[in-house]
Amino acid sequence: MISLSNALEEKLKAALEKAFSVASEPAGSARISLDPQLVTASKPEFGDFQANCALALAKSLKESPRAIASLIVDQLNADKSFLRLCEPPQIAGPGFINFTIRSECLIEELRKRLIDKRLGVHLVDEALPREKLGTVVVDFSSPNIAKEMHVGHLRSTIIGDSISRVLEFRGYRVLRLNHIGDWGTQFGMLITYLKDVAPEALERPDAVDLGDLVVFYRKAKQRFDEDSLFQKNAREEVVRLQRGETLSKKAWGLICHQSRREFQKIYDQLDVQLTERGESFYNPLLHKVVNDLDDCGLLVVDSGAKCVFLEETFGKDGKALPVIVQKSDGGFNYATTDLAAIRYRFGEVPEGDGAQRVIYVTDAGQANHFSGVFEVARRAKWIPPDCNLEHVPFGLVQGEDGKKLKTRSGETIRLRDLLDEAIQRAKVDLCRRLDEEGRQEDETFIEQVSATVGLAAVKYADLSQNRITNYQFSFDRMLALQGNTAPYLLYAFVRIAGIARKGGDLQAHIDKIEFNQDEEWALLKQLLRFDEVIVQVEEELLPNRLCNYLFELSQTFNRFYDQIPVLKVEEPIRSSRLAICRLTADTLKLGLGLLGIPTLERM
RNA sequence: GGGGCUGUAGCUCAGCUGGAUAGAGCGACGGUUUCCUAAACCGUAGGUCGUGGGUUCGAGUCCCGCCAGCCCCGCCA
């Protein structure tokens, strides 16, 4: 309904100009704001939109809000084009002006939606070809080599994927980057251990399956802690790796490859696309970062470490806090890598990504780190004008006890196990239901439905919460059959698919559209809000807004479905109802798709 | 000590540039099925929006103080 609200706003502005342009000009008086303050109506009984400007203008115009509202309404009622769009406005309460869109206009919007694959959501810039549009880098997921993916990565992965999907749908070129931890001192330990226990792997990479890399990591760590000779070797190995010695690089590549294969299984299961560009990618660029900072005069050497001091942040001792870009031993750290990444991502195309907007989806605990690094990048002038660098933080995943999510024995929960459990629980639910209802379904159906519902539940539970707050993980809640959950939304879609199966031609051409029930209008109005929600998610990067919308849409549809027969009524009502069913299904499918959740025909 | 985030119904959470009587789900209690999948729908009960000030015609929302919880704070990411 963006186009309708824009049209309405224009007419309101014109009315305000006509009513108050003289009053707003008197010499010496401050200029009066003629912003109509048009917003969505706070309740359905107030209509579709409301203008709050009369209350705000009351003081400066020295008139009562209702008198001002009345002047505005008089102007609007004199405007024929306004009256084609809206019913005569109502003044209510202390001075709100309420607007109800004329039903013909709503039906016209419905017609447009029915033939629009994008369901009313415009491309960010219709005029520009895709390759001219700004590139957005979304940095998300980012697990560490040889470590288990856990729930923290799950949040980043799911939220990052959804944000990417929304931006892509709006027409941006999105670069989904997986900034994996594939470099660092831990590789000295891992490579030394590999050379020790599986030297043949270096000769014939396929010969040895390193098995569970997490176990491998743990064993290497144990050895490192216990064996001083091993420790010495591991440290030397780091140096060899950094020098680029063939054997060391080969071992490094082998370990990364093994890890990558494990990650990919998860990404495939979640249907998440990522371009891997790990920390090692930036190795050749690190010296340049330090040199550049030095050239800008930002660098200070403190206790042997090269730092940039930020005066506005303070440490424990009350002194300015440094961002360390080169350690006293000459090594680089994560701040250096992050700075190199920022520089590269905003860099012009052959040598960089040419990004217009760079988004980091990481846990809120890294907020300090990013604000420091971002500030350094700003000072170094690595962020071009009109470009944005944003940290999109999210809260911790907690168990139902409110503490950090762990297994009963206190270990980190493996992502693989968590997803499997969700699917397994969905399966148990489904089988119980099939049993209760005496339904017969084949194994393929059961497997497919359980997997879709289980994964959808995990994703939706995460996305439906405002990402800033900590999030309490509960299988029981996310898989619940009612409430704001994935199964509830999927079921609404299934109901429409059911109507189609029972003979409702959802694709039929519609001549005449007619509605006469409240539930029909409620559903239609909810459907028409879709475009606003998508634009809002794009701006605020809060997928829970989309979840909330889809939940409300499902509720509105379920009320409609409960009260309003579709197949058993006469034309043209039947076709009209089929048309909003179809738009509901399309909207749910598209909306869930933007959350990374596929729909089902039956469940 | 400094910084960040959070505090809304018994529980889990929404609340969009400040706007009309603060919303939803779960749980509790009560009702609905010869009809497109009841994985649904309807109703009832339940709140000094942590707290004290301030700004404003108007504050859950903005500003300041305080309290509580979580997270971060020089060579890990």
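Quick note on labels: first sequence line is chain A, next is B, and so on, each numbered from 1. Heavy atoms only: backbone and side chains are in, while hydrogens, waters and symmetry mates are out.
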Identify which nucleotide among [options] has an atom closest to any side-chain atom of [X], counting heavy atoms from C-beta outward.
X        : options             : answer
A:Gln50  : B:C36, B:A20, B:C76 : B:A20
A:Gln37  : B:C75, B:G19, B:C41 : B:G19
A:Asn558 : B:U6, B:A40, B:C75  : B:A40

Please confirm whether the shortest side-chain N or O distance from [X] to OP1 or OP2 of [N] is below 4.0 Å.
X        : N     : value
A:Lys327 : B:C76 : yes
A:Asn466 : B:C5  : no
A:Tyr488 : B:C41 : yes
A:Arg574 : B:C36 : no

How many Å lie between [atom1] on [X] and [atom2] on [N], as a whole number?
X        : N     : atom1 : atom2 : answer
A:Asn548 : B:U12 : CG    : P     : 19 Å
A:Tyr561 : B:C42 : OH    : C1'   : 17 Å
A:Gln366 : B:C5  : CD    : P     : 16 Å

Could you tell me how far [M] sits from [N] if I compare only their [atom1] atoms? Round to whole Å.
N     : M     : atom1 : answer
B:G15 : B:G23 : C1'   : 7 Å
B:A24 : B:A68 : C1'   : 27 Å
B:C26 : B:A9  : C1'   : 12 Å
B:C29 : B:G58 : P     : 45 Å
B:U17 : B:G53 : P     : 26 Å
B:G7  : B:G50 : P     : 8 Å
B:G10 : B:A28 : C1'   : 10 Å
B:G3  : B:U8  : C1'   : 26 Å

Is a side-chain N or O of A:Ser162 found less than 3.5 angstrom from the main chain of A:Ile158, in a donor-acceptor match? no

Expected output: side-chain A:Asp48 to main-chain A:Thr100 donor-acceptor under 3.5 Å: no

Map A:Gly331 and A:Gly498 onto RNA chain B by nearest heavy atom, then report which one ends up closer to the 5' terminus. A:Gly498

On RNA chain B, more 5' by nearest nucleotide between A:Val494 and A:Val39 is A:Val39

Mind checking [X] for me? I need base, sugar-phosphate or nothing, with any heavy atom below 4.0 Å counting as a touch.
X        : answer
A:Asn368 : base
A:Asn544 : sugar-phosphate
A:Ile564 : base
A:Gln398 : nothing
A:Ala492 : nothing
A:Asp476 : nothing
A:Glu279 : sugar-phosphate
A:Ser328 : base
A:Gly181 : nothing
A:Leu430 : base
A:Val323 : nothing
A:Gln536 : base
A:Gln326 : nothing
A:Arg545 : sugar-phosphate

By side chain to side chain contact (heavy atoms under 4.5 Å, CB included), which residues pair with A:Ser328, not counting sequence neighbours? none

Indicate whether the side chain of [X] and that of [Y] have a donor and an acceptor atom separated by less than 3.5 Å.
X        : Y        : result
A:Asn6   : A:Glu9   : no
A:Gln50  : A:Asn52  : yes
A:Ser280 : A:Asn283 : no

Among A:Tyr344, A:Tyr334, A:Tyr282, ring-ring contact (aromatic ring centres under 6.0 Å, His included) partner for A:His179: A:Tyr282

Ring centroids only, cut at 6.0 angstrom: are A:Phe140 and A:Tyr360 within range, meaning strictly under it? no

Tell me, please, which residues at least two apart from [X] pass side-chain hydrogen bond (donor to acceptor under 3.5 Å, both in side chains).
X        : value
A:Arg529 : A:Gln526
A:Glu539 : none
A:Arg155 : A:Asp462
A:Asn558 : A:Tyr488, A:Arg495

Which residue pairs satisfy the salt bridge (charged side-chain N to carboxylate O under 4.0 Å, His left out) criterion with at least one member in residues 144-154 of chain A, sequence neighbours excluded? A:Glu148-A:Arg414

Listing, residues 389-400 of chain A side-chain donor-acceptor contacts under 3.5 Å, not counting sequence neighbours, or none:
| residue | atom | partner | partner atom | Å |
| --- | --- | --- | --- | --- |
| A:Glu390 | OE1 | A:Arg357 | NH2 | 3.3 |
| A:Glu390 | OE2 | A:Arg357 | NE | 2.6 |
| A:Glu390 | OE2 | A:Arg357 | NH2 | 3.4 |
| A:His391 | NE2 | A:Thr362 | OG1 | 2.7 |
| A:Gln398 | NE2 | A:Gly402 | O | 3.1 |

What residues, two or more places apart in sequence or in another chain, satisfy salt bridge (Lys or Arg N to Asp or Glu O under 4.0 Å) together with A:Arg559? none

Donor-acceptor pair under 3.5 Å: do we get one between A:Asp363's side chain and the base of B:A77? no

Just checking A:Asp518: does its CG atom have more than 12 heavy atoms from other residues, nucleotides or ligands closer to it than 6.0 angstrom? no

Name the pairs: protein N/O against N/O of nucleotides 22-29 of chain B, kept only if under 3.5 Å.
none

As a check on the pairing definition, encode RNA chain B in dot-bracket form, counting Watson-Crick and G-U wobble pairs whose two distances are under 3.5 Å, and using | for partners outside this strand. (((((((..((((.....[...)))).(((((.......))))).....(((((..]....))))))))))))....

Are any protein N/O atoms closer than 3.5 Å to N/O atoms in nucleotides 45-47 of chain B? If there are, list each pair with its distance.
none

A correct 5'-to-3' footprint of nucleotides 56-61 of chain B, with B, S and - meaning base, sugar-phosphate only and no protein heavy atom under 4.0 Å, is -B----

Using a strict threshold of under 4.0 Å (side-chain N to carboxylate O), is an ion pair present between A:Arg432 and A:Glu436? yes

